[in-house]
*Asks:* 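Got a structure for you, questions after.
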Protein chains: 2
Amino acid sequence: MPEDRTEQPHIVTCTAPVNIAVIKYWGKRNEDIILPINSSLSVTLHQDQLKTTTTVATSRSFQEDRIWLNGKEEDITHPRLQSCLREIRRLARKRRNDGDSGVDSASLSHKVHICSVNNFPTAAGLASSAAGFACLVYSLARVFGVEGELSGIARQGSGSACRSMYGGFVQWIMGNKEDGKDSLAQQVEPETHWPELRILVLVASAERKPVGSTSGMQTSVKTSCLLKHRAESVVPGRMVEMTEAIRKKDFAAFAELTMKDSNQFHATCLDTYPPIFYLNHVSQQIISLVHRYNKHYGETRVSSFYSDIMGEISGHWTLFIYTYFFIKGLPVNCASLSEELKQGIGLEPMPKGINYIISTKAGPGPRVVEDPTQHLLLSDGFPKKTM
Amino acid sequence: MPEDRTEQPHIVTCTAPVNIAVIKYWGKRNEDIILPINSSLSVTLHQDQLKTTTTVATSRSFQEDRIWLNGKEEDITHPRLQSCLREIRRLARKRRNDGDSGVDSASLSHKVHICSVNNFPTAAGLASSAAGFACLVYSLARVFGVEGELSGIARQGSGSACRSMYGGFVQWIMGNKEDGKDSLAQQVEPETHWPELRILVLVASAERKPVGSTSGMQTSVKTSCLLKHRAESVVPGRMVEMTEAIRKKDFAAFAELTMKDSNQFHATCLDTYPPIFYLNHVSQQIISLVHRYNKHYGETRVSSFYSDIMGEISGHWTLFIYTYFFIKGLPVNCASLSEELKQGIGLEPMPKGINYIISTKAGPGPRVVEDPTQHLLLSDGFPKKTM
């Protein structure tokens, strides 16, 4: 049915996960193709709780490339979107020329329609651009029939998006080539390696960050001498330690290094001129709470780290009834707090401090959605009206 | 009248200033004799606004060394008090043995009574221990007839006290000897060098710091790799730059480096494990306000730096009517804010953010109070009842 293939849009829908860094990425050595000043390492969060869904359609009948994000048409000429589109098409062309039969030759000359939605608030520290670009690149690759290493392309959309191309525990190796060919993500361990690890995201504020990541990083690279030292002399050792802690499932080592690295990231933000404040009063209180909780028990039972307003906690959940949270996601065992523990912690509850908590765990990488009823674009290649 | 000299107490009263560091001291390489891991530089604040007053008396009739601080008798056996007493007496003995006729031989064997008061709240980031130990050492030296270099003794009471031994702009050279003999304060410029510089202390909270300096520094030295880098590789260059800015009276350079160094100090606190938070929400807001103000005018007209809750501002005062402050000290020219500036700054006023402001300038070092009615000890060597 050659008519069908060219007249009817070719539609693919995929989902991709959010990731949260336990060794932080902050600072680029190349702004254009997004090369970092240090390697980083993250946990991919489970898509049952947090995900981006993207539908990509190609058709001979489309007049131009178009994109709709969370129900609103956006400017497709954004340089980072253009980078991803260009790189996927280049790869498809290269593979076709190399004789790869999987590449959809017809669609290579077609325009694309892209429609994407997140099931969580954008730009509140939840790395929506990471999930978004990972999903875009994964979907485009599927629609054009491209396979293999794609994290280098996702990286050019948004640095940390390269880490959302894999599930479980993922490192982004900074590389040292000028063309960025060796700046890629790599899975350290799959999500099945450490199934008992729990991750709580504490949303203390759904507001946008006062300074965006892109411009914040630029200012930090220009002005913070502590950031330079961190990238050159601290992170390499921490990458080794963190990989080791994950391999051994050593929660205390994993949690401590996660907290230290998060604090050091915020420290370099403060060393930036003018300083960048991402830790608000609520975040500081929760960090203190976690340290007092662990001190009370004499061991690291709970960890916290904050990218604006994020928290990760594992193991013992008694901590959380203390703060009257509304919990979404995986069930949390809310044991009652002993008076002794309350006194050991010695902090007032913050009933209005936290908007809500997302309880999740490590999860898999991007996936194809086989059910065509889940497409975000109709068979004419335009978004459903309900959006 | 030899009877008089031995029966009647020998009484001396002195005052000493607070200082505020523009290149910060944080971290000791020797806890016992207080040797720092980096040099530092401060401005001595004028005693018309902030000072410690100390009266020291010696008498053959005193049974033991005793001390009253802000009206309450305190434990004289505190190791740092003992260091200062021991060192001054050792110096007096040495000078007497060297044949110095100024040393009061009789009093050398006598016990001392010490009485000291601050005219500002203790332990709220206002470096009360610096003024206190500077005043103690200066007064003891006077009563025992010791002259010459005393900053090395004040340093052993409280590190930054050595800088309060001089007026104007003062550096504490870290030194490198193990016995600390070369870890001394030195005047960079007297207070008369830059009389138009104004300093505002913004007291946002008179509460004690959540973590004290002594234990905070210990934890930072143990756990922060950024602090190590700062001390070894950042501060030496900044000492040179700061000295240069002061010599040239280059306000923009002085203010910018002051802010950067304050931020870097707070960054190392955040890089400490567990992290130390000294910047509260109000401090963050004021820092943002200062940067927006300067950005609006396209030049550094105002500077802020915070040791907990401190602010220093110079030059143009229009900023401050914005925040409805109650101002103590030197008069402040409160011009009205233009609508344009308000919009340029774009922050809400914080009517309850600041308790009060102390407006001051650089001032002289410790002084002897000649008026005997100002003694804090009566002629019997005991505190006045009114305290």
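Proteins come first, then strands; the chains are lettered A, B, ... in the order of their sequence lines, and each starts at number 1.
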*Asks:* Please determine which of A/N263, A/L227, A/L226 meets the side-chain contact (heavy atoms from CB on, under 4.5 Å) test together with B/L226.
*Replies:*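 So the option named by the test is A/L226.
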*Asks:* Tell me, side chain or backbone of A/S233 under 4.5 Å from chain B's heavy atoms, or both, or neither?
*Replies:*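 No part of it gets close to chain B.
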*Asks:* What pairs of residues pass the side chain to side chain donor-acceptor pair (under 3.5 Å) test when at least one of them lies in residues 243-255 of chain B, not counting sequence neighbours?
*Replies:*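 Of all non-adjacent pairs touching residues 243-255 of chain B, those that pass side chain to side chain donor-acceptor pair (under 3.5 Å) are B/E189-B/R247.
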*Asks:* Measure across B/L270 and A/A267 and return the closest heavy-atom pair with its distance rounded to 0.1 Å.
*Replies:*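 Distance-wise, the nearest heavy atoms are CD2-N, 3.8 Å.
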*Asks:* Checking heavy atoms, do the side chain of B/S224, its backbone, both or neither come under 4.5 Å from chain A?
*Replies:*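 No part of it gets close to chain A.
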*Asks:* Parallel under 30°, tilted from 30 to 60°, perpendicular over 60°: which one fits the rings of A/Y273 and B/H291?
*Replies:*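 Geometry flag for B/H291 against A/Y273: perpendicular rings.
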*Asks:* What's the separation between atom OG1 in A/T268 and atom CD in B/Q264, rounded to the nearest 0.5 Å?
*Replies:*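 One finds 11.0 Å between OG1 of A/T268 and CD of B/Q264.
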*Asks:* As an exercise, state the distance from SG of B/C225 to CZ of A/R238, rounded to the nearest 0.5 Å.
*Replies:*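 It is 5.0 Å, given to the nearest 0.5 Å.
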*Asks:* Around atom NZ of A/K228, are there more than 12 heavy atoms of other residues, nucleotides or ligands at under 6.0 Å?
*Replies:*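 No - once you tally the heavy atoms of other residues, nucleotides and ligands closer than 6.0 Å, there are 12 at most.
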*Asks:* Atom CG in A/L279, atom CG in B/L279: separation rounded to 0.5 Å?
*Replies:*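 If we round to the nearest 0.5 Å, A/L279:CG and B/L279:CG are 10.5 Å apart.
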